[in-house]
Protein chains: 2
Amino acid sequence: MNQTLSESKELLFNKAKDFCEDKGVRFTPLRAKVYQILLQEDASIGAYDILDKLKLIEDSAKPPTVYRALDFFLELGLVHKVESTNTFKACHHFGCSHPVQFLICDTCGDVKEISSEGVKETLERQALQSNFKIMTQTIEAHGICNQCQGTGIS
Amino acid sequence: MNQTLSESKELLFNKAKDFCEDKGVRFTPLRAKVYQILLQEDASIGAYDILDKLKLIEDSAKPPTVYRALDFFLELGLVHKVESTNTFKACHHFGCSHPVQFLICDTCGDVKEISSEGVKETLERQALQSNFKIMTQTIEAHGICNQCQGTGIS
DNA sequence: TGGTATTATTTTAAAATATACCAACACGCA
DNA sequence: TGCGTGTTGGTATATTTTAAAATAATACCA
Ligand SMILES: [Zn+2]
Ligand SMILES: [Zn+2]
Ligand SMILES: [Zn+2]
Ligand SMILES: [Zn+2]
C-alpha cells in the first residue's frame, strides 16, 4: 500500500497510525489515503490538490471529504496549516508539543518546518510587553531555500 | 468628510494622502473611502465587510472595487494583510520600513501591530542555520489582550 | 450476538474569499 | 487635441471553506 512512500515516510505513516490508535481515535482508510498524499509532498499542498489526487483512488471524494480529514489531523497536530498560502503540510515530529515555524521557498515551493524555542520565546517576551498572552503562533517566512540559492532558477 | 474619524486617525488619513502624493500615486476618492473604513476599525476587517460598508456610500462597489483598493494600499505598505484570518488592517506607521507582527485577541477581535526588530532578527538567524534567505515574514500571535484578561468575557 | 451510542462518511448545497477579463472613462502630458 | 496609462465599472468565475442532513460504519456493552 505504501509503495509510493520512501522508507522514512513509511515509518512516519506507521507512527501516525500508532499515534492515533494510542489516542483512541480512528486512522480510517480514507484518512490514511489523505495522510499518504500529504506525506508524498515536500511542498505544502492545497485542499483541492489533495482532492484531485484523492479522487484518483477514491471516486466519491468531495471537498468535505478532504477538509474533514484535514480537520482531524490538524486537531491531533499531525498536520499543520500554512496560513500564508492556504496549504497543508504533514508534521514530521508530532507527538511532542513543539513550536512551529515554516520556511517557504518561493522559488521551488519547498516548505521546511523548523521548531525554534528561541523564536517562540522571543515573540512571547515581546507580546508580554503589551501584556498580551499568546495562545498560538503563526510564524511563516518566505524566501529562498538553500537548494535554490545560486541556481539560475527564477 | 472625516467626521467619523478621531483626531489621531484624521492625522493618519492626511499622512496617507500626503504619502501617496509624494510617491506620485493617486489617492482617489474611492481609495480614500476604503482607507477611511479601514481606519475606523481597531480590529482587522475582511474584504467583504469593507464592501458592505463601502456600498452604503458607493452604490457601484463590487468585490473587485475593494480588492483593487486593497492591493493598492498593500503595495504601498499602508495596509497589512492578516493571513491567519484573511483580514486587513491599516498600518499606523507606514513610510518607515519596519518589521510587522500582529497580536490578535481572540476574545475581542482587537489587532495590535507591533514591530519588533528582535523577533524579526531571531527568526532570520534561525533561518540562516538552514541557509534559508528570508524575504518576507508573516508573524501573527493569537491570544488574549490586556483589556480582556481578568474580565469575565469568554 | 444483538442492541445502543458514537463516530465517520456521503451528498448536496452554500458561504466566504479572491481573481480574470474587457469596456469605458479620466487624467497627465506631448 | 490626441495618446498612453492608470482607474473604475461591470460581469463572471475561480478558489477556499463550511453547514446541514441523511446514511453507514464502528465501538462498546450486556
Ligand atoms: Zn510540527
Ligand atoms: Zn527552493
Ligand atoms: Zn505596519
Ligand atoms: Zn481582547
Side-chain angles (χ1 to χ4, degrees), chain A residues 16-17 20-35 37-38 41 43-55 57-76 78-89 109 138 140, chain B residues 16-17 20-38 41 43-76 78-89 109 138 140:
Chain A
K17 194 156 132 184
C20 289
E21 280 164 9
D22 287 351
K23 286 246 174 187
V25 296
R26 290 160 56 196
F27 194 76
T28 64
L30 191 55
R31 288 168 179 167
K33 285 171 191 163
V34 170
Y35 188 64
I37 289 168
L38 281 159
E41 301 289 321
S44 59
I45 179 171
Y48 277 72
D49 291 336
I50 294 173
L51 180 57
D52 288 343
K53 290 176 188 285
L54 183 58
K55 270 181 174 161
I57 50 174
E58 190 68 41
D59 193 53
S60 70
K62 302 264 172 1
T65 315
V66 171
Y67 279 103
R68 262 196 318 266
L70 286 173
D71 286 345
F72 172 82
F73 289 123
L74 288 171
E75 188 92 11
L76 288 170
L78 268 66
V79 168
H80 300 302
K81 177 168 186 183
V82 183
E83 297 285 354
S84 60
T85 53
N86 296 316
T87 54
F88 303 86
K89 175 105 205 275
T138 298
E140 300 171 5
Chain B
K17 195 156 130 184
C20 289
E21 280 164 11
D22 288 352
K23 287 247 172 184
V25 295
R26 291 164 57 199
F27 193 76
T28 64
L30 191 55
R31 287 168 179 167
K33 285 170 191 163
V34 170
Y35 189 65
Q36 211 171 340
I37 289 168
L38 281 158
E41 301 289 321
S44 60
I45 178 171
Y48 279 74
D49 290 337
I50 294 173
L51 179 57
D52 288 342
K53 290 175 187 285
L54 182 59
K55 269 181 176 163
L56 300 175
I57 50 174
E58 189 69 40
D59 194 52
S60 70
K62 301 264 171 2
T65 315
V66 171
Y67 280 102
R68 271 195 302 252
L70 286 172
D71 286 345
F72 173 81
F73 290 123
L74 289 171
E75 189 93 11
L76 288 170
L78 268 65
V79 167
H80 299 302
K81 177 169 185 183
V82 183
E83 297 286 354
S84 61
T85 53
N86 298 314
T87 55
F88 303 86
K89 176 104 204 276
T138 298
E140 301 172 5

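Only heavy atoms go into these numbers, but all of them, side chains included; no hydrogens, no water, no symmetry mates.
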Distance check: side-chain N/O of [X] vs OP1/OP2 of [N], anything under 4.0 Å?
| X | N | answer |
| --- | --- | --- |
| A/Asn86 | D/dT17 | yes |
| B/Tyr67 | C/dT19 | no |
| A/Lys33 | C/dT9 | no |

Taking all non-hydrogen atoms of both residues, which atom of [X] and which atom of [Y] are closest, and how far apart?
| X | Y | result |
| --- | --- | --- |
| A/Val66 | A/Ala47 | CG1-O, 3.6 Å |
| B/Ile50 | B/Ile37 | O-CD1, 4.0 Å |
| A/Leu78 | A/Ala16 | CD2-CB, 3.6 Å |

In the 5'-to-3' direction, what one-character label does each nucleotide of nucleotides 23-30 of chain C receive under the scheme B = base within less than 4.0 Å of a protein heavy atom, S = sugar-phosphate only, - = no such atom?
-> ----S---
For every nucleotide of nucleotides 8-15 of chain D, 5' to 3': is a protein heavy atom under 4.0 Å from its base (B), only from its sugar-phosphate (S), or from neither (-)?
-> BBBB----
Take the angle between the ring planes of A/Phe73 and A/Tyr35 and call it parallel below 30°, perpendicular above 60°, tilted in between.
->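 Rings of A/Phe73 and A/Tyr35: tilted, 30 to 60°.
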Apply side-chain contact (heavy atoms from CB on, under 4.5 Å) to the pair A/Leu74 and A/Phe88, showing each step before the final yes or no.
-> CA-CA 9 Å; A/Leu74 288 171; A/Phe88 303 86; 4.0 Å; yes
Could you tell me whether A/Lys89 and A/Glu41 have a side-chain N and a carboxylate O separated by less than 4.0 Å?
->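 A salt bridge is absent here (no side-chain N lies under 4.0 Å from a carboxylate O).
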Round to a whole Å and report the spacing from CG of A/Asp59 to P of C/dT9.
->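 In whole Å, C/dT9 P and A/Asp59 CG are 17 Å from each other.
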Taking atom C1' of D/dT16 as reference, at what distance in whole Å does atom CD of B/Glu83 sit?
->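 Value for this atom pair: 14 Å.
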Are B/Ile45 and B/Lys53 close enough, and set up right, to give a side-chain contact (heavy atoms from CB on, under 4.5 Å), and what steps lead you there?
-> CA-CA 11 Å; B/Ile45 178 171; B/Lys53 290 175 187 285; 3.9 Å; yes
Would a distance-only check, ignoring hydrogens and angles, find a side-chain to backbone donor-acceptor pair under 3.5 Å from A/Glu140 to A/Ser84?
->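 Confirmed, A/Glu140 side chain pairs with A/Ser84 backbone.
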